[in-house]
Number of protein chains: 2
Amino acid sequence: MRPTVHDIAAEAGVSLATVDRVLNGRPGVRQQTVDKVEAAVARLGYVRDVSAANLAKGRVYPLVFVVPEGPNSFMRGLEAEIRAAMQRSPAERTSITIETVPPFDPAAIVAVLDKVDAAKVTGVALVATDTPEVSAGVDRLVDKGIHVATLVSDLPGSRRTHFCGIDNLAAGRTAAGLIGRFCAGRSGKVLVVAGSMALSDHIDRASGFAAVITSEVTGLEIVGPVETNDDAERVRQAVDTAMAANPDIVAIYNLGAGNRGLLEALADADRGRYAVVVHEVTEVSRKGLAEGLFDAVINQDCGHEVRSAIRVLKARADGLMPLKAQERIRIDIFLKDNLP
Amino acid sequence: MRPTVHDIAAEAGVSLATVDRVLNGRPGVRQQTVDKVEAAVARLGYVRDVSAANLAKGRVYPLVFVVPEGPNSFMRGLEAEIRAAMQRSPAERTSITIETVPPFDPAAIVAVLDKVDAAKVTGVALVATDTPEVSAGVDRLVDKGIHVATLVSDLPGSRRTHFCGIDNLAAGRTAAGLIGRFCAGRSGKVLVVAGSMALSDHIDRASGFAAVITSEVTGLEIVGPVETNDDAERVRQAVDTAMAANPDIVAIYNLGAGNRGLLEALADADRGRYAVVVHEVTEVSRKGLAEGLFDAVINQDCGHEVRSAIRVLKARADGLMPLKAQERIRIDIFLKDNLP
DNA sequence: CAATTCCTGAGGTACGTAAATCAGAAACCA
DNA sequence: TGGTTTCTGATTTACGTACCTCAGGAATTG
């Protein structure tokens, strides 16, 4: 059997109360005694029984998630994952609230952040637009002692505790690597479509993409990025316009949402003429892959992101540092052959 | 606060003992009373506190992992993940033993399986060669009431409880999809290198690959598969030989191990002449990607596989069915741009 | 030397569930 | 009717940790 606090007390020759004081960092123990206890812990290989500790503590972690409203499939998938996490709340000792805000509206985010009650909430996770007022709002929360995790899109200028999302520079580089190989020696233009350059994930993808296209791929030249606010209709128009203006487009990279518009534009164009890479597995992008109009979809698993955010916020609330390696979110590449 | 068994007892108008009998499926309760208790559970939304239940049960799950010995990097990575899981044993209430066996040796696997003591072990996970004697050995374990999970390579003819690994047919299709696009209209031969056709994962990858190459890719013709027993030196010789015999090889798919040999063969050949797809991220395959000799690496996360096997074996030992969606292992595609 | 602070021991309760025992009550069979 | 079986209630102990109180010894201070 694994050792318990009683075994530690016996091994160290001290009382149970003293072991407890040492293990929980409470005051009133001489350094020499602390050492004795820690030596016993090391000798017996004692590990705190988390089940029992949680039971005894009866601690709960009230968390708030802030996500944008609107038809964006990815965001709706994210919200679904948060709701799934709420279902697991009893087992995880969390108590989760979802706050939805209009998309691309920094003021609305700030309003939500500012009404968070530090007495009742231990952590906040949000999908942020990268603007100074949101950064300031996050910093105010952090000053109040609330840990903040950014979801999907980071807020590099803020003092947020953690970023739960993919390395978007690498995602852009990956898209470029795929398109470079898919175009295999053909030369021409590659159209880049973005949602909003106020989102740090879009900025990073665009620059990672541009870096690889210009330095490692020969014969391709970037057009754009054109901004569409992730609106399908605007994506469609942007693509139509660009195609008309540039007959030598050979590839398209949509680093934002609104893939429905891209799909429509492609359906009207020559099938198979373009190498197309988009982001996020949704019903629309699955359809694009299945029909051969999209070649690859780069994906981030929002379920992982939500679960990671919860783990990180809980750990930080307990004063622990999360394991960086464990919390890394991977960049998934899907072709039609490996769609789940 | 969330409801406890006491609340259920009060709500249902029965005693604590009766609630306990119902919740734990013990006999001695009239159906009518069972219904009353279950209604109360539903009404109050009672969820068993897993921490407390585990604490009270004090249950441990003794598990055995069977993995092949030898220099295969992937298998060593797998073993490392199992050892990492052993470190977490106290928290997860598992007690894990690792048994190593010579690779490609069905008799050795069977010997290990047959010495497993049903009284002391609740579950076994193994990397299996797909032969009738191993299947029979697995079935004998299942007959003894021990749940068996296959790791990485499945045993479709057996009554194993669960397969923890990727869909290798889809993996082969994915490799074909990538190579088809990377070769972009060039035509010629694609060399397929395999480890052993006694491994069901290798068989599946080969047939998934062949299916897509023949039906969806035009201009490519398969050479092989050549069998190498995952030995780097034999891979090198096989590739050298095939290259000499077929000057029109444009692509190589190594669906097994021994990538070191492939790397050596490619280093001697014309750089960039071949589209190369291999399996499993290891030091060697990272090097291949970084140097531009490999175009893509298809990977299965062995950490996920080990953790999934543990979850599944624990759940089945408790008589629960694991959630199929949650235990699916994804097929990862890595280019040099998205290597973790 | 007395007073005070610091350190430690002893003992208890609580968390929510599991599992056991014992004693009645009700329902059944002979 | 007596005896048995089946169901249920009441009560207790245990799991390992957290956290509390109280008391007394040791060390330090004035």
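It should be emphasised that the depicted structure is a prediction, and the values quoted were computed from it without experimental measurement. All chains are named by letter (A, B, ...) in the order of the sequence lines, taking the proteins before the strands, and each is independently numbered beginning at 1.
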Whole-Å distance between [N] [atom2] and [X] [atom1]?
X     : N      : atom1 : atom2 : result
A/D7  : D/dT17 : CG    : C1'   : 13 Å
B/H6  : C/dT17 : NE2   : P     : 8 Å
A/Q31 : D/dA27 : CD    : P     : 17 Å
B/L23 : C/dA19 : CG    : C1'   : 13 Å
B/Q32 : D/dT6  : CD    : C1'   : 14 Å
A/R30 : D/dT28 : CZ    : C1'   : 13 Å
A/R2  : D/dT17 : CZ    : C1'   : 11 Å
B/L55 : D/dA14 : CG    : C1'   : 9 Å

With heavy atoms under 4.0 Å as the rule, sort B/N24 into base, sugar-phosphate or nothing.
->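 Contact class for B/N24: sugar-phosphate only.
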
Quick one: is [X] getting a side-chain N or O under 4.0 Å of the [N] phosphate, OP1 or OP2?
X     : N      : value
A/R48 : D/dG16 : no
B/T4  : C/dG16 : no
A/T18 : C/dG9  : yes
B/S15 : D/dA10 : no

Does a salt bridge link [X] with [Y], judged by any charged N lying under 4.0 Å from a carboxylate O?
X      : Y      : result
A/R159 : A/D143 : yes
A/K115 : A/E99  : yes
A/D154 : A/R160 : yes
A/R330 : B/D332 : yes

When you measure from the side chain of [X], which nucleotide among [options] comes out closest?
X     : options                : answer
A/A17 : C/dG9, C/dA18, D/dT11  : C/dG9
A/D20 : D/dA18, D/dG16, C/dT17 : D/dA18
A/V5  : D/dC15, D/dT17, C/dT17 : D/dT17
B/T33 : D/dC7, C/dG16, C/dC7   : D/dC7

Pick the nucleotide of DNA chain D nearest each of B/G13 and B/K57; which residue has the one closer to the 5' end?
->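 The 5'-side residue here is B/G13.
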
Using heavy atoms to find the nearest nucleotide of DNA chain C for A/R21 and A/L16 separately, return the residue whose nucleotide is more 5′.
->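 It is A/R21 whose nearest nucleotide is closer to the 5' end.
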
What do the steps show when you test B/D49 against A/R93 for salt bridge (charged side-chain N to carboxylate O under 4.0 Å, His left out), and what is the final call?
-> CA-CA 10 Å; B/D49 183 323; A/R93 318 192 86 83; 3.7 Å; yes

